[in-house]
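Below: one structure, written as structure tokens.
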Amino acid sequence: MTTIPPYVPGHNLLEGKNVLVTAAAGTGIGFAAAKKAIEEGARLFISDIHEGRLQKAVETIEVKPASAG
């Protein structure tokens, strides 16, 4: 039986950085990269040719509030 390791939470490794992810709508690598960038504290910009899926991706990715200071 294979044990799946726990999900690794973000450590703010990208805090203060800008990240642009193209083809971020859907459930593939682009979406996963966008989600992880947010978890690592980046300011995220995403794009995709499919506007409906892009809007859903924006709504799905949890955005944490910017830190004060």
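Note that the numbering runs from 1 along the sequence shown for the chain.
Between atom CG of residue L14 and atom CD of residue E39 there is a gap of 11.0 Å, rounded to the nearest 0.5 Å. The distance from the OG1 atom of T27 to the CZ atom of R53 is 8.5 Å, given to the nearest 0.5 Å.
Considering all non-hydrogen atoms of both residues, K36 and V8 come closest at NZ-O, 2.7 Å. Heavy atoms only, all atoms of each residue included: N12 and G41 are closest at OD1-CA, 3.8 Å. Counting all heavy atoms, side chain and backbone alike, L44 lies closest to A34 at CD2-O, 3.5 Å. Of all heavy-atom pairs spanning V19 and A42, the tightest one is CG2-CB, 3.5 Å.
No donor-acceptor pair under 3.5 Å is formed between the side chain of E15 and the backbone N or O of E40.
We find that K56 and E59 are not joined by a salt bridge, their nearest charged nitrogen and carboxylate oxygen being 4.0 Å or further apart.
Contact annotation: the side chain of F31 never approaches that of I46 to less than 4.5 Å [non-hydrogen atoms, C-beta and beyond].
Within 6.0 Å of CG on L20 lie more than 12 heavy atoms contributed by other residues, nucleotides or ligands.
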